[in-house]
Structure formats: C-alpha cells, structure tokens
Number of protein chains: 2
Amino acid sequence: MSIAAFAEQAVTSADKTFLQLRVDIVEGAIPAGSKLSETELSTKYQVSRAVIREAINRLESCHLVERKANVGARIVSLTPEGLIQLYQVREALEGMAARLAAKNMSDEEIADLTALLDNHFQTVKDGESYYQEAGDLDFHYRIILGSKNQHLIEVLVNGIYHLIRMYRVQLGMAGPRVTTAFDEHKHVVQAIANRDEELAEMLMRRHILYSKNNIERKLLQS
Amino acid sequence: MSIAAFAEQAVTSADKTFLQLRVDIVEGAIPAGSKLSETELSTKYQVSRAVIREAINRLESCHLVERKANVGARIVSLTPEGLIQLYQVREALEGMAARLAAKNMSDEEIADLTALLDNHFQTVKDGESYYQEAGDLDFHYRIILGSKNQHLIEVLVNGIYHLIRMYRVQLGMAGPRVTTAFDEHKHVVQAIANRDEELAEMLMRRHILYSKNNIERKLLQS
DNA sequence: GTTAGAAATGATGTCGACAATATAGGGGTT
DNA sequence: AACCCCTATATTGTCGACATCATTTCTAAC
C-alpha cells in the first residue's frame, strides 16, 4: 500500500504528542478556533510543557495552529475563503506535480497507477463508494510522489492535505465527487502514460478546479 | 517601501535567535551541510538550549535545516537538483500568484506597481544594475502579496525565497538577469493591469522558467 | 457612575539539571 | 588484521522551577 509509505514513525515523545494532537485537531476532537493551553495539554497528555510546546510548534508549521508571542496558540479558524485559497494553492502545486510525474515516473510506477485505477473502477462499479475517499487519496498521493520533487511532496503531503482533511471533516463535507471524478482521474493517468506533460498538468488542474467549484456550491447551499 | 512590510519583528528571545540564525545560514556564515550543535550554539548566542531548540525547529519548518531524532540538526546540503526542484515549485506558485493578482489587486496597487517598474527602468537605464536585485525582489513580492492568498504568501515569502537566496549566495550566482528580465516584468504587469489572469500566469511562469534555464546553464558551466 | 491605575492572577518564555540515546574508542577474541 | 562487544563520552530529549508578560479585577479618584 503506497499510502503506508507516509506513516511517519514517532520515535520521541514530542513526535507522538504531535501526531496525536494533529489527529485530534483535524478530526475535530479539539474544536477549531479554540485555544491550546500548554499547561492544560501537558496534564491531559501526561507530558511536560516542553514536549507540548514542541508539538505546538510543529502544528504551527503545518498551518494548523497560529501562535502569538506571550499570548498562546489557537487552532486556525475555518472560513470558506480559506478553503478556496487552499484549493488555489493545491491546483497550482498538483498541476505541477502531474506535469513532473509525466516526466519522471517510471514505466512500472505508471503501470501500478493504471492498475490502481482499474481496481478503483471495480469498486466504484460495485457501488462501494465508501472506499472512494481512500482511493482518491491514493491516486493523488501517487502522482505527487511520482513528481520526485521533494519540496512539492513536503508541502502537499505534510501541509495542505491535512488542512484540507480538517476542512472536510469540520465543514461536514462528504468525500469527493464519485462518478465524474473517476473519469477525470483516468484521463490524467492516460496523459501521464503518454508522457504528455502539458496535458497532464492541464487535466489535473481542471480536476481540482472542478472539485473547488463543487465545494463552493455546497458551501453556498448551507 | 513595501519590502519593509515583511520585516518580522522579533519580540521573544527565540525570535531574535531564529532570525539571526537564519541570516547566518542563508548568508553562509554557517556553512551548508554543517551540524548545528545545540550546546555549542547556546554558548555562542548566549541563550539557553531551549531557545536554540525552538529556533532550530523553526528553521526546520523553513526547510533550511533537517533534524534527525536523537542525532541532531544539519543545515540542508545544496545540490543543483534541489535548486531546480525549488524553481519548479516557484514557477507553479508564482504563476498562480500572478493569476490571482490580476484578479485581486486593487487599481491603486496596480498603479503603484507600474510606477515601481518605471522607477526601476530609470535605474536600469542609468546602468545602476546593483539596485537590480532589490528591484526584482520588490516586483515579485508585490505580486505575491497582490494575490491576497495567505497560503501562497506564507509558503513563498517565509519558505521558498529564503532558500533561493541561500542557493544564490552559496553557489555564488549573480543576481537575476538584468536587461531581458525587465521586459518580462513589464509584460506581466501589463497583463495584470488588463486583468488578464490567464496571460499573467503564463508570462510569470515563463519568466521564472527562463530564470531557471539561465541558472541551469550557469551551473553546467562551473 | 465612569474611568484610570495598580495589584493579583494566570499564562507563556526562559533556564539549568537530569534522563535517555547515539557515537567513538578500547579491549578482547577469532 | 579484522570483527564484535562493552564502556566512556557527548549530544539530544525531557522535566520542573523561575522570570516575564498579558489579562483581569479591584480600588480610588473624578
């Protein structure tokens, strides 16, 4: 499973606390906008304040919390504009990722990706749409990794994707569009298989743009 | 001066140490690839190890240093591939920034930007090419800010630009190309003034791509 | 009653010391 | 001589205590 490749292993205590806190924030166990008290968290997680501070610092570099000197840290507040801006960055970066993937992925990786899509197609056809989000993630992650660009990978995987997931969970949005998105995935993979960098980027950008428009529509409804 | 808007003010001791360390790293006072010993730095900068640790953590989130658990932190090592990859990310992000700037900049901001370019043109015509790098920075910063996209601004201003500067200084590259770059800037601004998002993005991407090609050529020479 | 200022409270920032881990060096064996 | 293991050393990770700052609350003056 290629997603398992991202399972960051926590060696130090601060690592564990950071990962735990990130889950709690992204999944909404700690509500958005709330204050992160160091003393409070240190008793809650049974670690020293230094560990909590380090964890909070890392959360800040993920843009999940904002910190003000001598005041403290708050979880970022979610706004529709914030999500739109996030998708704009995502469009630019994943578009470039698709372009680079078309250039840099090995034939074997492309074959794997194609197989993944076929597999995905079966589950969609069988109506098991609950696998859909994991499949979508796997698709995007493989292309991001396929870019072989460390900066791109870092920003997307460790930064933007957690934020997007936080928005998804907390704004109560369902997973991505199921049926139409699949065709878009297929076309992107075809472009990559054809080593057509230009088209791969264009299709990926359009795919994410559609996703953004879809989200905007849902946001306006509620 | 719009660049002054980025002068992050250090309130805490960790802030000052972070900013100082960042300068020392980017400007090469501490050589690339070298180890950052916490005890050593704490005596050198006359602050406690906790402060140093926090500063190093922030440097890590800027991708200026890499840290391994129970081992320590090292300044990132510079490779030609790394610089290329950095420019790929920059191309994607600043392209999007130009697109958004064409949409979101106010008429007044655009007028200021045009004035800046005219000013810049005078200095270039007078042969004062030593002002060129600051002018180039100002141009790019205004467009990035003009995007009004917080994520974009954060990643570019606090992340990528420091790394690029580090590469410039340490690989001994001169500032950006002087004469041809000016025309490219002019065309980007015209596209923004015309609110032509598509063209603004395309021209900005091309501008950065040229820059990248120029750098690649220089790297191969040496 | 309102406001300005000062004390009290609680938080974050900083520090030095201890614990746990990685690395280097020495001693012994094959 | 090469290799492994054990010890010594130095570095990082973690902790609790103190200093410093922001905020709240009380008091006093107008």
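Note that the coordinates shown come from a computational prediction; the quantities given were computed from them, not determined experimentally. So you know, we letter chains A, B, ... as the sequences are listed, proteins then strands, and number each from 1.
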Check your understanding: Can you tell me if Ser211(A) uses its side chain to pair, donor with acceptor, with the backbone of Ile208(A) under 3.5 Å?
Key -> no

Exercise for review: Could you tell me the separation between the NZ atom of Lys35(B) and the CD1 atom of Ile30(B), rounded to the nearest 0.5 Å?
Suggested key: 12.5 Å

Point to revise | Worked verdict on Val76(B) versus Met166(B) for side-chain contact (heavy atoms from CB on, under 4.5 Å) | key: CA-CA 10 Å; Val76(B) 294; Met166(B) 182 175 171; 4.2 Å; yes

Review point. Quick one: CG on Leu19(B) to CG on Leu59(B), what's the gap to the nearest 0.5 Å?
Key: 9.5 Å

Point to revise | Listed partners of Phe18(B) passing ring-ring contact (aromatic ring centres under 6.0 Å, His included), at least two apart | key: none

Check your understanding: In residues 36-61 of chain A, what residues come within less than 4.0 Å of DNA chain D, judged by heavy atoms?
Key -> Val47(A), Ser48(A), Arg49(A), Ala50(A), Val51(A)

Review point. Hey, what do you get for CZ (Arg99(B)) to CD (Gln88(A)), rounding to the nearest 0.5 Å?
Key: 9.5 Å

Exercise for review: Would you mind checking if Arg58(B) and Glu60(A) are paired as a salt bridge, meaning a charged N to carboxylate O distance below 4.0 Å?
Suggested key: no

Study note, to complete from the structure: Across all chains, not counting sequence neighbours, the side chain to side chain contact (heavy atoms under 4.5 Å, CB included) partners of Leu171(B) are Leu83(B), Tyr167(B), Met173(B), Leu219(B)

Output a table of nitrogen or oxygen pairs between the protein and nucleotides 7-9 of chain C separated by less than 3.5 Å.
none

Exercise for review: Measure the spacing between CG of Leu93(A) and CD1 of Ile153(A) and express it to the nearest 0.5 Å.
Suggested key: 12.0 Å

Check your understanding: In Å, rounded to the nearest 0.5 Å, how long is the span from NE2 of His151(B) to CD of Glu154(B)?
Key -> 9.5 Å

Study note, to complete from the structure: Here the side chain to side chain donor-acceptor pair (under 3.5 Å) pairs for residues 68-83 of chain B, sequence neighbours left out, are none

Review point. Within the distance-only criterion (no hydrogens, no angle test), does the side chain of Gln170(B) pair as donor or acceptor with the backbone N or O of Ile25(B) below 3.5 angstrom?
Key: yes

Check your understanding: Looking at residues 12-23 of chain B, who's got a heavy atom less than 4.0 Å off DNA chain C?
Key -> Thr12(B), Ser13(B), Ala14(B)

Donor-acceptor list for residues 109-116 of chain B side chains, cut-off 3.5 Å, not counting sequence neighbours:
unit_1, atom_1, unit_2, atom_2, d
Glu109(B), OE1, Ser106(B), N, 2.9
Glu109(B), OE1, Ser106(B), OG, 3.4
Glu109(B), OE1, Lys148(B), NZ, 3.4
Thr114(B), OG1, Ile110(B), O, 2.9

Check your understanding: Can you name the side chain to side chain donor-acceptor pair (under 3.5 Å) partners of Thr43(A), sequence neighbours left out?
Key -> none

Study note, to complete from the structure: To the nearest angstrom, the NZ-C1' distance between Lys68(A) and dG13(C) comes to 17 Å

Could you write out each protein N or O paired with an N or O of nucleotides 20-25 of chain D at a distance under 3.5 Å?
none

Practice item. Measure the angle between the two terminal helix axes of the helix from dG1(C)-dC30(D) to dT30(C)-dA1(D), five base pairs each, and quote it to 10°. Key: 10°

Review point. Listed by chain and number, what are the ring-ring contact (aromatic ring centres under 6.0 Å, His included) partners of Tyr45(B), not counting sequence neighbours?
Key: none

Between protein and nucleotides 5-10 of chain D, what N or O pairs are separated by less than 3.5 Å?
none

Review point. Can you tell me how far the NZ atom of Lys103(A) sits from the OG atom of Ser147(A), to the nearest 0.5 Å?
Key: 11.0 Å

Practice item. Would you check, one step at a time, whether the test ring pair (Phe, Tyr, Trp, His ring centres under 6.0 Å) holds for His140(A) with His185(A)? Key: CA-CA 9 Å; His140(A) 284 279; His185(A) 286 187; 5.4 Å; yes

